[in-house]
Every structure is written in structure tokens, then in C-alpha cells.
Visitor: 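This is the structure I have questions about; it appears just below.
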Amino acid sequence: MEKANHDTNKKFDVCIIGAGIAGATMAANLAKTGKEIVIVERNLSERDVIIGELLQPGGVQRLQEMGFESFLDNIDAQPVYGYDIIFEEKDFHIPYPNKNGEPAGYGFRNGAFLQNIRKHILAQNNITVIEGRVTELNEKENLIIGVSYLPKGAAKEEKLQADLTIVTDGPMSKFREELSNPVKKVNGHFLGLLLKNCELPYPNHGHMFMGNHPPFVIYPVTSDAWRILIDFKGEQAPKLGHDFKKFLLETFAGHIPQSARASFVDAVDEGNFKMFPNHRLPAAPIKKVGAVLLGDSLNMRHPLTGGGMTAVFADVKNLGENLATVKEFSDKKAVSKAVQKYYDTRHLGTQATNILADGLYGVVYNPNLRRAFFEYVSRGGKYSEETISILAGLNMDKKLLLNHFIGLARYGTKLKLKSAVNPLKKGDGAMKMMKTATKSGETVAGTLNMVKDALLIITPLLLTEKPDAATKLMLKTLSRKPE
Ligand SMILES: Cc1cc2nc3c(=O)[nH]c(=O)nc-3n(C[C@H](O)[C@H](O)[C@H](O)COP(=O)(O)OP(=O)(O)OC[C@H]3O[C@@H](n4cnc5c(N)ncnc54)[C@H](O)[C@@H]3O)c2cc1C
């Protein structure tokens, strides 16, 4: 990919920092309005990463709506039709909804997908693509007026002027501090490996494994390879030494389906380990005229549910639609209004994805709740269909998500109480009842903790996603009787 020539005195309508998933798609989207755009990317060559390799159907739908479905062409992308959920020795298959012609999801190598988007923007006359590293946001009288950057291979910095700077410098963003109040948390790390030439129980499906082991997901990324991502909880990444390899081969490998185990062992032996931190970053933008945050620099959720790019494309579409209403980008007031509207409304397209991602992450690490989750979705019907529609990014109904979240905790509690070995006798007092041991040795009070645990997981997530109506709803939901 080549760097485009550009006139150094030119003032652009928009400058974008980072031609990653968000920045490159945003450039493509804005270019449709005829605006003059410059995008600066520190490395235009194809990247070999483990992030962003399963695009949920909702993300595909957003691409279609923007006219960018062709980004998925000619990269050996694999259609994904749903999930198999594996819990201990059991599994349950949940197809994505496609009753109304909703698209499938797609698995692909992130680098190949991104190069497709970059090829598209390089072909647009009104997009200037520069390979270089942005070093600074330039400010004048409380207004962002462009950026300074170091062109690739150059010793001297250059400047770019633009009416609006869109910051999309990704998960390790250097500039988010200037444009938001970020409270970033590392929940754990994903180890990524490629499983080559093997089968999994469901071809063209995602597989999510949960049980008494690190949770992991496997999905197809090319016609002959599957991506496996294994979660290691905690702020520190595990050390990739001899002991770690031994753990993977001798303890963990037993959880991989037999049909893929040899490929897993080969991948571990090959040792091409890639590890990436999994963040939670609620969006907390601050108003600054002339700049806006987009993508992982603004908002991140756990990648267990593969929702990141779906959220990004919802934001790209939203911001694009709002900016399309601005005639002249030199009209600061109009641009600020469009940016504010994007910040005020973006939760409608992202909050369900965000809450589900971090909520499910909490569930898979709680032995009672993950069992309850499995039993709940295994009931089929609305219990699996509505849950998968939210995971797919096709259903953004936060109320529905909350109902299911609390519903699964209640259902799990009910199942546990039912299986209690010591049925309560008439006349037992409340205290005695709470202390009565169940079959598994837990107390009834212990099993009731499931609802409390679910609330502990979901409440902080609600409080960071436009909380008022949702909190009310949660309380209302809780006052209902168990199903
Ligand atoms: C382990 C992991 C797995 C994931 N898996 C999935 C998945 O399966 N499905 C899914 O939908 N989402 C997934 N995600 C999330 C998804 O990858 C992100 O949401 C998405 O990539 C965000 O796009 P972005 O453009 O903000 O960041 P990026 O795609 O990372 O792009 C940022 C760009 O900015 C450039 N840049 C940075 N600093 C500068 C600078 N100073 N100057 C110039 N350029 C700069 C970078 O080189 C890069 O090209 C995953 C995330 C993780 C951590």
C-alpha cells in the first residue's frame, strides 16, 4: 500500500487518526458525502493479529446498510450460522435468527479484512492516506485544529489542518485522555492460536466453551483454519514459558474436542502464541470542539461475544449520518451539534452488545451462573432465540437482555432448590430453611446468592450505559415471581 502525495497547506474537512477497523470504515463512509478527508496510519501493511476476526450478523447488517458488504469479498471469509455452547460434557446448538433474511456472521483474518477496507479508501479521490505516526493533537484557543505526525521513514514532523479530527487510534489509544475521562480495566488476556485443517462439532459455527477451565471460543477464520481464543483472567498476562506450555498440553488440551485436539497440540508445539489484553472501557467522552472519539479509543467491552466490530460499525454509521447533515465543516457549531448527537444516541446501537459482553464474561466465571446460563438457553424457544439475537447484534433491546439475565439467575435458583435433597418440612422456620443443606452440600441461602451474584455483575454495567430507565426496569423485573 502506498502513501498518497498531498499538499501540505491544504485544510481538510476531516482528519482521521488510525486506519484500523473504525478509522478506515469511517473514512469510507464520510467519503460518500464528498468531504475532503485525510487519514494517517502508522503501519499500512497487513497485520497479523488475533483481534476482530468474527463479525456478528448485526455488524454485517450495518456494513450492508452503509453499502460496504464488499469488504467481505475475496478474503476467504467464512459464513457463521450460529453457536454451539459447550458446558462440561453437554452442548446446545443455537442458530442465528434468519427468519427475516438477516445475514449470517462472518469469520476472517482481521488483517485481510482490514486490507480490503484500506484498498477501498486508497481508491477514493477525496481520501488522502498517509503512512505515519500521529504524535499530537494540535489545539488553538480551545479548538482542535489538526494533528502533528511523523511520516514513515522521516526525521521531521509535519502538520495537518482539519475542521474535525476523528480519533480512532484503537485499544491502546494515546489520545483518549484528551477527549474523555477513561476508566479502563484489564479483565484478562486472550491467548490466540490458529487451529489448522481440523473439524469442530458444527462447521461454520462459533463454539463457546465454559466449565471448570479457562473459558474459550473457537470460530472459523479461513476455509482451512479456526481461531481459538482462551481467556486468562487477571490484570497480568500469564508467562509464556515452559510451565505454560505444559499446562496447555497436559491439562487444557483435554477440553478441546477430539476432532481438533491434534491441531491444538500442533499449534502449541509451533509456539506462535499471541496474547492480547481484554479491556472494559465505558464511554465517557468530554466535549472538545473540533474532535471526536470513535472505536476502541472511546469504548471497549470483553471480546468473548465478538461484539467489538459490531459496536464500531453501529458508531461509524451513527456518526456518519449525523455528520452528513453538516453542509460546511467550517461551521463549528453545526459540527459540534452533530458530534454531540452521536455521543447522545450511540448507546442505542451499542449498549446491549456492551452489557451482554461483560455480563456473560461475569457469568462464565461463576460456577452457579454458568450452569444456570447453559440450562436456561438449553430450554430452546425464546430462551435461546432471543439471547442469540442480542449476541448477534440484531436485537438491541436492553430490556429484553435484562429480563433474560435476571431470568437465568432465577431459573438456576429454582433448579437448584428443586434438586435439594432435604425437602423442607412444614413448620420449618426461615433460619432453619436457609441453613438446610442441598444435595451438593450448599445451603439454600447459598443457592439464592445466584440472583445476588447476577445483580453484582449487571448493576455496574447498567450504571455506565445510560442507567435511569434500565435501573427502574431492573427493579421491576426483580419484583416478579420466578418462572
Ligand atoms: C483479543 C481480542 C479479540 C477480539 N475479537 C473480536 C471479534 O472476534 N469480533 C469483534 O467484533 N471484535 C473483536 N474484538 C474487538 C475489535 O477488535 C475492536 O473493537 C476493533 O478492532 C476496534 O477497531 P479500532 O479501529 O478502534 O481499533 P484498531 O482496529 O486496533 O485500529 C487502530 C488503528 O490505529 C492505528 N494507530 C494507533 N496509534 C496511531 C498513531 N499514533 N498514529 C497513527 N496510527 C495509529 C493502529 O496502527 C491501528 O491501525 C477483539 C478484541 C480483542 C482484544
Side-chain angles (χ1 to χ4, degrees), residues 15-27 38-47 49-60 62-63 80 105-111 113-115 117-118 129-137 147-152 157 160 165-176 186-192 206 208 216-221 227-232 237 274-281 293-316 350 353-354 357 391-393:
C15 170
I16 300 178
I17 306 176
I21 298 296
T25 312
M26 191 70 228
V38 61
I39 181 162
V40 190
E41 165 56 46
R42 66 182 170 194
N43 186 355
L44 283 170
S45 46
E46 184 164 334
R47 64 190 191 184
V49 291
I50 62 167
I51 65 165
E53 298 197 314
L54 173 61
L55 181 60
Q56 295 293 347
V60 177
R62 298 294 88 72
L63 279 183
V80 173
Y106 280 89
F108 41 70
R109 290 307 316 274
N110 179 282
F113 177 58
L114 182 55
Q115 290 312 89
I117 310 176
R118 289 175 175 173
V129 182
I130 296 176
E131 192 161 21
R133 186 171 52 84
V134 174
T135 54
E136 220 175 324
L137 293 179
V147 303
S148 297
Y149 72 100
L150 190 65
K152 191 183 176 191
E157 285 193 358
L160 290 164
T165 298
I166 303 182
V167 177
T168 59
D169 59 343
M172 305 302 179
S173 174
K174 173 181 160 70
F175 301 108
R176 66 161 66 96
V186 173
N187 283 315
H189 293 75
F190 258 158
L191 167 72
M208 188 182 285
F216 59 104
V217 285
I218 306 182
Y219 44 81
V221 286
R227 167 66 69 204
I228 178 169
L229 294 172
I230 310 163
D231 187 76
F232 292 92
K274 287 194 186 298
M275 188 80 79
F276 206 91
N278 295 327
H279 296 97
R280 169 166 146 72
L281 173 73
L293 279 169
L294 176 73
D296 279 11
S297 54
L298 172 68
N299 185 201
M300 291 187 276
R301 73 295 303 153
H302 199 279
L304 181 72
T305 50
M309 295 183 295
T310 296
V312 164
F313 292 146
D315 277 351
V316 167
T350 59
T353 301
N354 287 347
L391 187 145

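Everything quoted here is computed from the prediction, not taken from an experiment. Indexing begins at 1, ligand by ligand and atom by atom, following the structure's order.
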Visitor: Say whether Ser173 and ligand 1 are in contact under the criterion: heavy-atom distance to a ligand atom below 4.0 Å.
Guide: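 It does not, in that no heavy atom of Ser173 comes within the 4.0 Å cut-off of ligand 1.
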
Visitor: Might you confirm whether atom CZ of Arg133 has over 12 heavy atoms from other residues, nucleotides or ligands at distances under 6.0 Å?
Guide: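 Check fails, neighbour count at 12 or below.
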
Visitor: Record the part of Met172 in heavy-atom contact with ligand 1 below 4.0 Å; permitted values are side chain, backbone, both and neither.
Guide: neither

Visitor: Can Glu41 and Arg118 be counted as an ion pair, charged N to O under 4.0 angstrom?
Guide: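 Judged by the 4.0 Å cut-off on N to carboxylate O distance, Glu41 and Arg118 do form a salt bridge.
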
Visitor: Please could you name the atoms of ligand 1 that Arg133 approaches to less than 4.0 Å, counting only its heavy atoms?
Guide: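 Per the distance check, 41 (N), 42 (N).
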
Visitor: Is the shortest distance from a heavy atom of Asn278 to ligand 1 less than 4.0 Å?
Guide: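 Contact check Asn278 vs ligand 1: positive.
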
Visitor: Which heavy atom of the protein is the closest neighbour of atom 30 (O) of ligand 1, given with residue, atom name and distance?
Guide: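 That would be Pro171 CD, 3.5 Å.
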
Visitor: Quick one: which of Thr168, Leu294, Val38 gives a side-chain contact (heavy atoms from CB on, under 4.5 Å) with Ile16?
Guide: Thr168

Visitor: What atoms in ligand 1 come closer than 4.0 Å to a heavy atom of Phe276?
Guide: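 That gives atoms 1 (C), 53 (C) of ligand 1.
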
Visitor: Nearest non-hydrogen atom to atom 20 (C) of ligand 1 belongs to which of Asp296, Asp315, Thr310?
Guide: Asp296

Visitor: Kindly say whether Asn110 contributes a backbone atom to a donor-acceptor pair with the side chain of Glu53 at under 3.5 angstrom?
Guide: yes

Visitor: What part of Tyr219, side chain from CB on, backbone N/CA/C/O, both or neither, has a heavy atom under 4.0 Å from ligand 1?
Guide: side chain

Visitor: Could you check atom 28 (P) of ligand 1 against the protein and tell me its nearest heavy-atom contact, residue, atom and distance included?
Guide: Arg47 NH1, 3.8 Å

Visitor: Going by the order shown, which atoms of ligand 1 are within less than 4.0 Å of some heavy atom of Ile21?
Guide: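 Numbered from 1, ligand 1 contributes 21 (O), 23 (O), 25 (O), 29 (O).
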
Visitor: Strictly distance-based, threshold 3.5 Å: is any side-chain N or O of Ser148 a donor or acceptor partner for the main-chain N or O of Thr135?
Guide: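 Absent.
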
Visitor: Is it the side chain, the backbone, both or neither of Asp169 that has a heavy atom closer than 4.0 Å to ligand 1?
Guide: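 The answer is both, backbone and side chain.
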
Visitor: Quick check: do Phe276 and Pro171 have side-chain heavy atoms less than 4.5 Å from each other?
Guide: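 SC-SC contact between Phe276 and Pro171 confirmed.
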
Visitor: Which of the atoms in ligand 1, numbered in the order shown and given with their element, are less than 4.0 Å from a heavy-atom of Leu54?
Guide: 7 (C), 8 (O), 9 (N), 10 (C), 11 (O)

Visitor: Which atoms from ligand 1 have a heavy atom of Val40 less than 4.0 Å away?
Guide: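 Near Val40, meaning under 4.0 Å from one of its heavy atoms, ligand 1 has 43 (C), 44 (N).
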
Visitor: So, Asp231 versus His302: side-chain donor-acceptor pair below 3.5 Å or not?
Guide: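 Looking only at side-chain atoms, His302 and Asp231 do form a donor-acceptor pair, the distance falling under 3.5 Å.
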
Visitor: Output the distance between atom CZ (Phe113) and atom CG (Leu55), rounded to the nearest 0.5 Å.
Guide: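 Interatomic distance, Phe113 CZ to Leu55 CG, rounded to 0.5 Å: 5.5 Å.
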
Visitor: Residues two or more places apart in sequence or in another chain: which of them pass side chain to side chain donor-acceptor pair (under 3.5 Å) with Asp315?
Guide: Arg346

Visitor: Do me a favour and list the nearest non-hydrogen protein atom to atom 6 (C) of ligand 1 with residue, atom name and distance?
Guide: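 Answer, as residue, atom name and distance: Gly52 N, 3.2 Å.
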
Visitor: Ignoring hydrogens, just give me the one of Ile16, Leu114, Ile51 whose non-hydrogen atom is nearest atom 2 (C) of ligand 1.
Guide: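 Answer by nearest heavy atom: Ile51.
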
Visitor: Could you identify the single nearest non-hydrogen protein atom to atom 15 (C) of ligand 1 and state the distance to 0.1 Å?
Guide: Gly308 CA, 3.9 Å

Visitor: Is there side-chain contact between Glu131 and Asn43, with at least one heavy-atom pair below 4.5 Å?
Guide: yes

Visitor: Can you pull out the closest protein heavy atom to atom 11 (O) of ligand 1? Residue, atom name and distance to 0.1 Å, please.
Guide: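 Checking every protein heavy atom, the shortest distance to atom 11 (O) of ligand 1 gives Met309 N, 2.7 Å.
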
Visitor: Taking the side chain as C-beta and beyond, is there a heavy-atom pair between Ile21 and Asp296 under 4.5 Å?
Guide: no

Visitor: Counting each atom of ligand 1 from 1 as listed, which ones have a heavy atom of Pro277 under 4.0 Å away?
Guide: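 Counting from 1, the qualifying ligand atoms are 53 (C).
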
Visitor: Main chain of Val49, side chain of Arg109: is a donor-acceptor contact present, judged purely on distance under 3.5 Å?
Guide: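 Checking the backbone N and O of Val49 against the side chain of Arg109, a donor-acceptor pair under 3.5 Å is found.
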
Visitor: Name the closest protein heavy atom to atom 40 (C) of ligand 1, giving the residue it belongs to and the distance to 0.1 Å.
Guide: Val134 N, 3.7 Å

Visitor: Does Arg118 reach ligand 1, in the sense of a heavy atom lying below 4.0 Å from it?
Guide: yes

Visitor: Residue-level breakdown please: for Ala22 versus ligand 1, do any non-hydrogen atoms fall below 4.0 Å on the side chain, on the backbone, on both, or on neither?
Guide: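 Both backbone and side chain of Ala22 come within 4.0 Å of ligand 1.
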
Visitor: Measuring from atom 31 (O) of ligand 1, which candidate in Gly306, Gly20, Gly107 has the nearest non-hydrogen atom?
Guide: Gly20

Visitor: Taking 4.0 Å as the limit for heavy-atom contacts, which would you say applies to Glu53 with ligand 1: side chain only, backbone only, both, or neither?
Guide: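 The answer is the backbone.
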
Visitor: Please state which protein non-hydrogen atom is closest to atom 48 (C) of ligand 1 and give its distance, to 0.1 Å?
Guide: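 That would be Glu41 OE1, 3.5 Å.
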
Visitor: Which ligand 1 atoms, with their elements, are less than 4.0 angstrom from a heavy-atom of Gly295?
Guide: 26 (O)

Visitor: I want to check something: taking the side chain as every heavy atom from C-beta on, are Pro220 and Val80 in contact at a cut-off of under 4.5 Å?
Guide: yes

Visitor: Applying the side-chain contact (heavy atoms from CB on, under 4.5 Å) criterion to Val40, which one of Leu150, Val129, Leu160, Asp169 satisfies it?
Guide: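 The option that passes is Leu160.
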
Visitor: Between Ser297 and Val167, is there a donor-acceptor pair closer than 3.5 Å when you use the side chain of the first and the backbone of the second?
Guide: yes

Visitor: What is the closest protein heavy atom to atom 44 (N) of ligand 1, and at what distance does it sit?
Guide: Arg42 N, 3.2 Å

Visitor: Testing the basics here: between Arg301 and Ala357, what is the closest heavy-atom pair and its distance to 0.1 Å?
Guide: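 Closest pair (atom of Arg301, atom of Ala357, distance): CG-CB, 3.4 Å.
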
Visitor: Find all atoms of ligand 1 within a distance of less than 4.0 Å from any non-hydrogen atom belonging to Ile50, and give their numbers and elements.
Guide: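 Heavy-atom distances to Ile50 below 4.0 Å select 3 (C).
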
